[in-house]
Amino acid sequence: MDITPNTPLTSFPGVGEVRAKKLEKLGLSTAASLLSWYPRDYEDRRTVYAIRDAPLEGRVCVTAMAAEHPRLSRIRKGLELVQVKVVDHTGALYLTFFNQGYIERAIRAGEEYIFYGAVEEQGRRRSMVNPIFERAGRQSFTGCIMPIYRLTAGVSNHLLASLTRQALPCAEALPETLPQHIRQEHGLAAVEFAIINIHFPEDEKALELARRRLAFEELFYLAVGLCFLKSRRDEGGEGFPIPPRPKEEFLSLLPFTPTDAQSRVMDEAAADMTSGRPMNRLVQGDVGSGKTAVAAFAGWLCAKGGFQTALMAPTEVLAEQHFKSLSALLSPAGVRVGLLTGSMKQSEKKKVREALASGEIDFAVGTHALISEGVEFRRLALIVADEQHRFGVAQRAALAAKGGGGAAPHVLVMSATPIPRTLALMIYGDLDVSVIDQLPPGRTPIATYVVREDKRQRMYGFVRKQVAEGRQAYIICPAVEENPDAALPGEESPALNLKAVKTYGEKLRKEVFPNLRLDILHGKLKPKEKEAAMAAFARGDTQVLVATTVVEVGVDVPNASLIIIENADRFGLSQLHQLRGRVGRGEHQSHCVLITGTRSLEAMERLHTLASTTDGFKISEEDLKARGPGDFFGNRQHGLPQMKLADLSGDMRLLSEAQEAARSLLEQDPQLTAPENRPVLERVRRLFADTPDIFN
Ligand code: ADP
Ligand code: MG
C-alpha cells in the first residue's frame, strides 16, 4: 500500500471500524495525524543480549533460536498457555505466554527471534513471561529506541508504534513549513528527518535534533501569532476615546480608601482609555489585592462617557457576585448594571440582550455567554476579563474583533495567578502589565496548617469555635460524588477515598455539626440553587459551606475566616493558594487548614511550602517546577495552543530564539505574503483556528 499523509487509518491493515473509532478519540484519523502524535517518552531497547548475559533488572532484548515447536495447553476454561524453549550459545530461556494461543503458530522451531521482556531466574533456570518478539533481521520494536505514546482504552502502545512505523515513509511528503533561512540560522533539522527521528530515533543525538526542531516550530508559530496580534494593535486601529473625568468622583462611591497600588493602576487604565488607542492591559494582583475596584472604576469611566462595558467572569457564581457588588457600588452613580449568564431563563436573557442592544445597560456582567453567543451591544467600548487564566490568547483576540465601527474595544484582563516569567512571555506577550503589589491595610496574614487525619476531631472543634465567634467557614472537597470510576485528571487509577461533597456534606450536617447552619455547593446544582447557596452564605445565613472548587476564584465573603481543604494533596499549589484566598478578606484573623492522608513526602513538602509563604509568585514558581507547564492551569485553561514538545519551564533559550526569529521574519515581511512564508501563515492560522478573524 502506498501511504500518503492523507491516507485514512481505516486503510491500514488491522484497523477496522472499532479500532478507528478508538484512535479517533486521540484525534488520530490519517497518516499525517499519526506522525504528529509525538511520543511522550522512549524506552531504550538497543542493547540485545545473549541469554546468560541478560541483566535481571527491567525489560531487555534477548536474541535466541526456538529450540522446539511451541506447546499449547488449556489449563482450564479461559486460561491458555503456550510454552517454548529458546536457546543460544550461552544457554536456554523458557518462555511462557498466557492467553495468546496464536503464538503456537507464530514461533517456528529453528528460527531466530529477538524477545523483549523481563528475565527471571530460579536456580540456573532462566525464563520470561509474555515477551514481545520479532524475527531477527526484521525488527521494528526491538534493538531500537522505542517510542512510548499517550494511549487510550483499546489502543496499545504496540499498535500505535506499528501504525506509526507504517506511516513513516510518508514523512517525505510532508511540506517544509519553516523557511530555509530560519532553519539555517538556527541549525534546525529538516521536517522529514525530525518526524522520523522523533518517533524512531537512530540515537540520542538524532532525537535531540528532532526534538529541537519540532519544539522550535511550536514556539515559533506561537510567537509569530502573538507578534501579529501585538503589531496589529500597535499600528492599530482606533480605540474608543473615553472622555476623562476626575477619579475622586468614583472614589467617593467606594466604602474604603484605595491602596496606592490600586490608585496607580486606575490611573494607568484611565490614561490608556482616554488616549484614543485601544487599551490592552493586564492587571496582576494577588488574591485579595482588590482588583474588582479597578474594574469598577474602568467601567464607571466608560459609562460616564456614554459607552458600555462587558465583564466576563470564569464561573456563574462569580458573575452573580460581581453583579451584586457592582450594582450596589455603581447604581447610586446612575450606572445601570445587568447580568447575563448562559443558564438564565430564555425570557430573562432576551430582556437583557435587548437592553444591551438598545444601550439601556451600561455595565454587563456575565460568563463566556456574554461574548460567545452573538450578543449585540450598542456601544461596547470596554471588555474586562476577570481571572484571565481562563481567557487565553485566542479568546482575547476574538474579543478584540468585537468592537464595532472600526474601533477596537479596550481590554482589561485581571489575574490573580502570578505567572512565572517564561509563561508570562507567552501568554501575555501582547499586553501591557500593571501590578497591584499591595494588600488593603489591616489584613493579618492567613495562618496555614498542614494537618493529618488524627487531628480531625480537633479541627471540627475549631470550626465550632470560629462559628461561635460569629465567623463562617468553608470546607472544600475534591469531588462532587463518590465515584470509584472517576479518576482525577492525570491519574491512572480510580480516585478512592476522596471526600465527596454530597455524602461528606450530609455526614457533617447530621453527625458532626447538627447545630450549625450548613449548606452544600457544587457545580452540578441548578444555577438557581447555586445562586441561592452562595447568597445565603454571603448574607451570613449559612455558617458552614461545604463546597467543591466552584468557590475557587474571586468569591468574596469577608466574614469567612476559616477554610478547610480536604485531600489537600490532590490540589495544585496555585489552586490551593487561590482557595486560601477565599478567607483573610476582612479584619478577622483567618485560618487555612490543609488536611491530608498522603504518604508522599513530596506532597507533604508542597503543602508545607504553601503553609510557609503567602507570596503568590513563589508559590507559582514551585508549582511550575512540580507539575510542568502543561498542567499548570489544568485543562489548558491558559488558552495557549497546546505545546506538544516545547517545555516552557526548560526551553527558555529556544523560546527567545523562536521569538527573535518571529520578530525578524515579520520585520522583513509584515503580512507574510512572500511565497516562501506562506506556509508559516497557514500554520499560524491553523494554530489560532478558534480565532479565524485575527489574520485577515
Ligand atoms: P481580588 O483582587 O482578589 O479580586 P477583591 O476585589 O475581591 O480582590 O477585594 C477583596 C476584598 O477587599 C473585598 O472585600 C473588597 O471590598 C476589599 N477591598 C478592596 N480594596 C480595598 C481597600 N483599598 N481597602 C479595604 N478593603 C478593600
Ligand atoms: Mg477578584
Side-chain angles (χ1 to χ4, degrees), residues 13-15 19 39-166 199-204 492-493:
V15 181
R19 271 199 175 152
R40 68 168 169 81
D41 204 355
Y42 300 87
E43 209 171 82
D44 191 347
R45 300 184 185 172
R46 280 175 298 179
T47 315
V48 179
Y49 294 94
I51 292 173
R52 270 290 134 208
D53 305 337
L56 298 174
E57 245 161 54
R59 301 203 289 173
V60 295
C61 292
V62 173
T63 178
M65 190 187 78
E68 58 185 10
H69 188 78
R71 285 160 286 127
L72 173 68
S73 46
R74 280 198 186 77
I75 303 294
R76 55 181 155 79
K77 206 170 170 237
L79 184 58
E80 252 177 14
L81 221 60
V82 176
Q83 288 169 299
V84 60
K85 175 177 159 187
V86 298
V87 294
D88 67 6
H89 62 283
T90 65
L93 181 67
Y94 295 86
L95 307 180
T96 308
F97 298 86
F98 289 102
N99 287 340
Q100 300 174 63
Y102 69 92
I103 282 169
E104 189 200 3
R105 272 159 292 119
I107 293 181
R108 288 208 225 124
E111 296 271 5
E112 200 175 12
Y113 300 88
I114 298 190
F115 301 94
Y116 177 74
V119 178
E120 283 159 48
E121 191 172 55
Q122 270 181 330
R124 292 277 297 164
R125 191 180 196 268
R126 294 200 142 198
S127 62
M128 215 185 240
V129 174
N130 288 343
I132 293 169
F133 63 93
E134 295 176 303
R135 286 270 294 277
R138 293 216 214 135
Q139 303 127 248
S140 38
F141 309 117
T142 55
C144 66
I145 300 178
M146 179 72 178
I148 310 292
Y149 296 98
R150 281 186 190 80
L151 305 172
T152 184
V155 176
S156 69
N157 195 59
H158 196 74
L159 173 68
L160 267 189
S162 84
L163 291 175
T164 306
R165 242 257 197 249
Q166 294 171 60
H199 290 288
F200 294 96
E202 276 162 35
D203 51 33
E204 285 93 345
E492 320 261 324
S493 61

Inset, instruction - Calculate, to the nearest 0.5 Å, the distance between atoms CZ and CD1 belonging to R45 and I132 respectively. - result: 5.0 Å
Legend entry - Exercise: identify the closest heavy-atom pair between L72 and E104: CD2-OE1, 3.5 Å
Inset, instruction - Working to the nearest 0.5 Å, report the span between CG of D88 and CZ of R52. - result: 9.5 Å
Inset, instruction - Decide yes or no for R150 and L160: does some side-chain heavy atom of the first lie under 4.5 Å from some side-chain heavy atom of the second? - result: no
Legend entry - T47 side, atom OG1; D53 side, atom CG - distance, nearest 0.5 Å: 11.5 Å
Legend entry - Where V86 and A66 come nearest, the two heavy atoms and their spacing: CG1-CA, 3.8 Å
Legend entry - From I51 atom CD1 to M65 atom CE, the distance as rounded to the nearest 0.5 Å: 10.0 Å
Legend entry - salt bridge (charged side-chain N to carboxylate O under 4.0 Å, His left out) partners for R40, two or more places apart: none
Legend entry - Close side-chain approach of T96 to S127, heavy-atom, < 4.5 Å: no
Inset, instruction - Mind jotting down which residue pairs meet the ring-ring contact (aromatic ring centres under 6.0 Å, His included) criterion with at least one end in residues 43-89? Sequence neighbours excluded, please. - result: none
Inset, instruction - With rounding to the nearest 0.5 Å, note down the distance linking CG in D44 to CG in D203. - result: 10.5 Å
Inset, instruction - Kindly compute the distance separating CD1 (I114) from CD (E112), expressed to the nearest 0.5 Å. - result: 7.5 Å
Legend entry - Side-chain (R126) to main-chain (A54) donor-acceptor, under 3.5 angstrom: yes
Inset, instruction - Not counting sequence neighbours, list each pair that qualifies as a ring-ring contact (aromatic ring centres under 6.0 Å, His included) and has a residue in residues 91-112. - result: F97-F133
Legend entry - Test side-chain hydrogen bond (donor to acceptor under 3.5 Å, both in side chains) applied to E134 - qualifying residues, sequence neighbours left out: S140, T142
Inset, instruction - Measure across L95 and P131 and return the closest heavy-atom pair with its distance rounded to 0.1 Å. - result: CD2-CG, 4.2 Å
Please table the atom pairs, donor to acceptor, closer than 3.5 Å between any side-chain atom in residues 77-84 and protein atoms at least two apart or in another chain.
| unit_1 | atom_1 | unit_2 | atom_2 | d |
| --- | --- | --- | --- | --- |
| E80 | OE2 | R74 | NE | 3.2 |
| E80 | OE2 | R74 | NH2 | 3.0 |

Inset, instruction - Quick one: closest heavy-atom pair of Y113 and A106, and the distance? - result: OH-O, 3.5 Å
Legend entry - Heavy-atom pair of closest approach, residues V62 and A50: CG1-C, 4.4 Å
Inset, instruction - Compare every heavy atom of I145 with every heavy atom of E204, then report the nearest pair and how far apart it is. - result: N-CD1, 4.3 Å
Legend entry - Over 12 foreign heavy atoms within 6.0 Å of CD, E57: no
Inset, instruction - Tell me, please, whether F200 has R165 positioned over its six-membered ring: NZ or CZ under 6.0 Å from the ring centre and within 45 degrees of its axis? - result: yes
Legend entry - Results of salt bridge (charged side-chain N to carboxylate O under 4.0 Å, His left out) for E202 - residues two or more places apart only: none
Legend entry - Side-chain touch Y149/P39, heavy atoms, less than 4.5 angstrom: yes
